[in-house]
Asker: 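So that we are looking at the same thing, I have put the structure below in structure tokens.
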Amino acid sequence: MSELNELSEKLNGIKEEIRSELGKLESSKSVFEYRKKIFDSKTGMVGSLMREMGRIPNEMKAEYGKRVNEVKAWAQGVFEEMDEKFKAQEMRLKYESEKIDVTMPAKKPAMGYLHPNTLIREQIVDIFGSMGFDIYEGTEIETDHYNFTALNTPDDHPARDMQDTFYLSDKFLLRTQTSAGQIHVMEAKKPPIKIISPGKVFRSDDDATHSPMFSQMEGLVVDKGITLCDLKGMLDEFVKKIFGEGTSTRLRPSYFPFTEPSVEVDVSCFQCHGKGCKLCKGTGWIEVLGAGVVNKKVLEGCGIDSDIYSGFAFGIGIERIAMLKYGINNIKLLFESDMRVLEQIRE
Ligand code: DAH
């Protein structure tokens, strides 16, 4: 009998201890951990009680087991109750802390915008695309032949001085103009030809309006009976779409080795509409691109019969158009990724 009395005392002690420990617990996590500790089958105060069964005389084993199970059931019940209490409390706190005040002003997600260069390039591509032009993308590394010689600018031609060139070797260079693409296209395809060719070009040139790397868009049309009038008509359409309905173009004589005649194209000032302002330097006109009738020598060099076919070509500086359109006075602003500048330019 003494074993059973001893056990009763021990079980009461365990209950006491659990009760007083539970008072110290503060979260469902600590309840979980304490319960694990108590019920551990080797070291746990409750869990290890059954191991002592061996010591108990046979006739008392049933009673012993019963009492131990009672304490176990009691402990389980108490732990469950505590666990539920803490969980409810914790859930309430969680809801409380996650409560959303729907009347608070919302945080606006930062929006990305297209870069002004991209905007202009896409606009130009769209405009010429709608006129039926295809796109040809050349390579940034070119041979001296395609960039100069085939464009009627042989070695020692003074026009080579107009474009300070980055030479990679005697033969290879970084293209100074997208005009190089004209030759590739005319060699690969017979007329009718109607292409634009956007891309980066490179010149050893660096000031507020020039950068060693900038972008151009070449245009080339070759077919039977193409004249300067076709160029003028197309350019008038182009400037209306880029600079606004009220604008038009004028052509001034110029010189490019690969066109004859060559012209410099001005757009009527889209800011003052001809009255004269700072943007057009009081003239009412702004220079926007170079163009001309494709030189017969260039056509013949590409195997196109210049008695049957003629064409026009033009070269647009993308940054120049972006600077004019968005009132940017330094080309570097287009390459510096300064968000204060870029965020002002949206379309
Ligand atoms: N390639 C010339 C330049 O970079 C621009 C140009 C002028 C292109 C006249 C043309 C053209 O196709 O006909 O300055």
Side-chain angles (χ1 to χ4, degrees), residues 121 124 128 133-140 142 144-154 157-166 173-187 193-205 207 209-223 226-235 238-239 249-267 287-299 301-302 304 306 309-321 323 331:
R121 192 184 61 235
I124 301 178
F128 286 110
F133 281 73
D134 286 332
I135 294 184
Y136 168 79
E137 273 183 295
T139 51
E140 287 167 14
E142 262 302 352
D144 182 274
H145 173 77
Y146 283 98
N147 194 79
F148 288 127
T149 315
L151 285 161
N152 194 32
T153 322
H157 193 291
R160 287 205 180 198
D161 286 349
M162 287 159 73
Q163 302 177 358
D164 289 322
T165 311
F166 290 114
L173 46 79
L174 295 179
R175 69 175 170 196
T176 59
Q177 48 188 352
T178 44
S179 307
Q182 289 186 25
I183 308 299
H184 288 289
V185 172
M186 285 192 281
E187 280 180 353
I193 291 170
K194 205 171 172 190
I195 59 104
I196 45 169
S197 182
K200 292 194 188 97
V201 297
F202 306 84
R203 291 182 200 176
S204 178
D205 213 349
D207 61 33
T209 52
H210 297 91
S211 149
M213 191 268 312
F214 60 104
S215 338
Q216 283 187 336
M217 177 97 61
E218 194 75 9
L220 174 71
V221 174
V222 183
D223 204 349
I226 297 291
T227 69
L228 204 60
C229 291
D230 296 308
L231 170 72
K232 171 85 165 94
M234 187 216 64
L235 288 173
F238 168 67
V239 295
T249 60
R250 78 172 180 187
L251 309 183
R252 279 181 296 109
S254 184
Y255 175 76
F256 298 101
F258 36 91
T259 42
E260 181 56 41
S262 303
V263 292
E264 212 68 70
V265 180
D266 294 344
V267 61
E287 185 183 316
V288 281
L289 57 102
V293 171
V294 181
N295 194 315
K296 286 187 172 215
K297 272 193 185 172
V298 175
L299 291 178
C302 296
I304 294 175
S306 63
Y309 295 106
S310 56
F312 66 72
F314 57 92
I316 308 172
I318 309 245
E319 286 80 2
R320 175 154 174 77
I321 304 287
M323 288 168 76
I331 193 168

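In listed order, ligands and their atoms are each counted from 1. What you see is a predicted model; the values in this text were computed from it and never measured.
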Asker: Can you name the side chain to side chain contact (heavy atoms under 4.5 Å, CB included) partners of T249, sequence neighbours left out?
Answerer: K232, L235, D236, V239, V265
Asker: Below 4.0 Å from any atom of ligand 1, which residues have a heavy atom? Give them in chain and number order, please.
Answerer: Q163, Q177, S179, Q182, R203, Q216, E218, F256, F258, T259, G290, A291, G292, A313, F314, G315
Asker: Can a side-chain donor-acceptor contact be found between Q182 and E218 if the only test is distance below 3.5 angstrom?
Answerer: yes
Asker: Determine whether a donor-acceptor pair (N or O, by modelled atom type, separation under 3.5 Å) exists between the side chain of S204 and the backbone of F166.
Answerer: no
Asker: Ring-plane angle category for F128 and F133, please: parallel below 30°, perpendicular beyond 60°, tilted otherwise.
Answerer: perpendicular
Asker: Can you confirm whether more than 12 heavy atoms, excluding those of E137, are under 6.0 Å from its CD atom?
Answerer: no
Asker: Closer than 3.5 angstrom, by distance alone: can the side chain of R252 be matched with the main-chain N or O of E264 as a donor-acceptor pair?
Answerer: no
